[in-house]
Amino acid sequence: MTTIDSALFDDLQARGLIAQTTGGDVLAEYLAEGSRTLYSGFDPTADSLHIGHLVPLLALKRFQLAGHKPVALVGGATGLVGDPSFKAAERKLNTPDIVAGWTNKLKAQVSRFIDFDCGENSAEVVNNLDWVGQMNVLDFLRDVGKHFSVNNMINKESVKQRIDREGAGISFTEFTYMLLQSYDFAELYKRYNCTLQIGGSDQWGNITGGIDLARRMYSGETYGLTLPLVTKSDGTKFGKTESGTVWLDPAKTSPYAFYQFWLGTADADVYKFLRYFTFLSLSDIAAIEERDRNTEGRPEAQSVLAKEVTRLIHGEEGLRAAERITEALFSGGLEQLSEPDLEQLQLDGLPSSTLVRAQLADKPLTQWLVDAEMAASGKQVKDALGRGAVLINGDAITFDENLDGAACFNESRARFQRFYIVKLGKKKYHLFVVE
RNA sequence: GCAGGGGUUCCCGAGUGGCCAAAGGGAUCAGACUGUAAAUCUGACGCGAAAGCUUCGGAGGUUCGAAUCCUCCCCCCUGCACCA
């Protein structure tokens, strides 16, 4: 018999992880009284999840740890249609085989976070294409569509801006998305007695749609809970860096870059993020906050956050690699790195490139750095050059040197004849290996 | 199909014949200050080391000169019509 942690709801609330719920206190009680089955959906809109998906993903795990059974739904079907919720414009459709490929990747990714072998509340991963895929249009219209009122649908906040906004619009396809997702909930209710759907706060309309449908089709009593949208205190979008989205796939965002992302969290956000993204207890987090408040200089919270989240996503190994690189680059000991250290940095995932010595003179430094994706354009490098912000193995490079790639990467500047650590600005590092 | 409104540099959004590589804001990058933070200030922000080159949905045209004018085409929005 699974033990239920009746404090779950209070804990979620205290973490700020509850945006809205249906049922209010009834839901809290319902969760405290027994092991429930809940689900959250992830649509394949890319070949990897990103940190924006982390809140619902971790929430599934929080529920599981508290004794409930999580179902992760990967939207092989809904991904073919596109969720219009709060989107400014119609999205372009991806081909079925692309979506199928992404679906498989997401299934694998999602599976790493929840436990499939813990008895009664073992997790499930499902794909809604399995039940929507073979449904025919007429059945859908008669069995599902009949339960929806267009009048209600167009009043949903999530599609309103698309309907009201001049210059926008919404296709029937996207408009129908809500029906598909609602049907998922009803179907999971039938299959697994799944009685709770969780999701981002943008999913509220879709979730309540599902609750209504489950009641109408099966007289099922179900609940919804939404998680807050992650926002930053400065108003910029969470989860983006200069180089774009922060992905969970280590091939798309290295553990080092991932670690650095969290390390850069603003003070104003970091304690909130600890509550959102880690499993540290609220009292531990409060203790960290208290210590930081009483300490001069750099707070401890960011490194705790980076460590916890990186370990969660990339494991102990990924975390250690990220820490090794960070330590080497930011603790000032660059000159002390041994040859094996430098080789290890490369293995650990420090961005690196291999250049051929004979070709160095072909391009200016600006171009080499652009090619290595250290900067988007030579202009940016040029700007940095003018401010002495480009360092090769510690030497500031000048404008004049820039033109001659070979001079920049000259042999006397090399470490162990072939390694050059280029620093652009305060944080960007790249290892060049010249052969 | 008809009528009207639109498509501008990453985003929003000015610009209606030269002073426009194109206002302003946001985002982003670099510098100062710091704690690899925030705020603030400074600079950059189509590409190029530079000379210079390429842009304002697409293709042509008018003009000494076009993002701005004309023609055709593509796409989006709103309404009407068609259909019933």
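Note that this is a predicted model, so its numbers are computed, not measured. Reminder, nothing fancy here: chain letters follow the sequence lines and each chain counts from 1.
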Mind checking the [atom1] distance from [N] to [M]? Whole angstroms is fine.
N: B/A14; M: B/A23; atom1: C1'; value: 6 Å
N: B/A67; M: B/A3; atom1: P; value: 29 Å
N: B/G79; M: B/A30; atom1: P; value: 47 Å
N: B/G46; M: B/A21; atom1: C1'; value: 7 Å
N: B/C83; M: B/C77; atom1: P; value: 24 Å
N: B/A66; M: B/A59; atom1: C1'; value: 16 Å

Do the side-chain N or O atoms of [X] get closer than 4.0 angstrom to the phosphate oxygens (OP1, OP2) of [N]?
X: A/Lys382; N: B/A50; answer: yes
X: A/Ser377; N: B/C47; answer: yes
X: A/Arg298; N: B/U36; answer: yes

Earlier contact from the 5' end, RNA chain B, for A/Leu424 and A/Thr326: A/Leu424
Given the structure, check if the side chain of A/Asp267 and the base of B/G35 hold any donor-acceptor pair shorter than 3.5 Å. yes
Can a donor-acceptor pair under 3.5 Å be found between the side-chain atoms of A/Lys379 and the base atoms of B/G48? yes
Suppose we call two aromatic rings close when their centres sit under 6.0 Å apart. Are [X] and [Y] close by that rule?
X: A/Trp368; Y: A/Phe409; value: no
X: A/Tyr39; Y: A/Phe185; value: yes
X: A/Tyr177; Y: A/Tyr183; value: no

For a quick check of understanding: with a heavy-atom distance under 4.0 Å over all strands, which category does A/Asp400 fall into, base, sugar-phosphate or nothing? nothing
Using a cut-off of 4.0 Å on non-hydrogen atoms, how would the nucleic acid contact of A/Lys237 be classed: base, sugar-phosphate, or nothing? nothing
Between A/Glu339 and A/Arg415, does any NZ, NE, NH1 or NH2 come within less than 4.0 Å of an OD or OE carboxylate oxygen? no
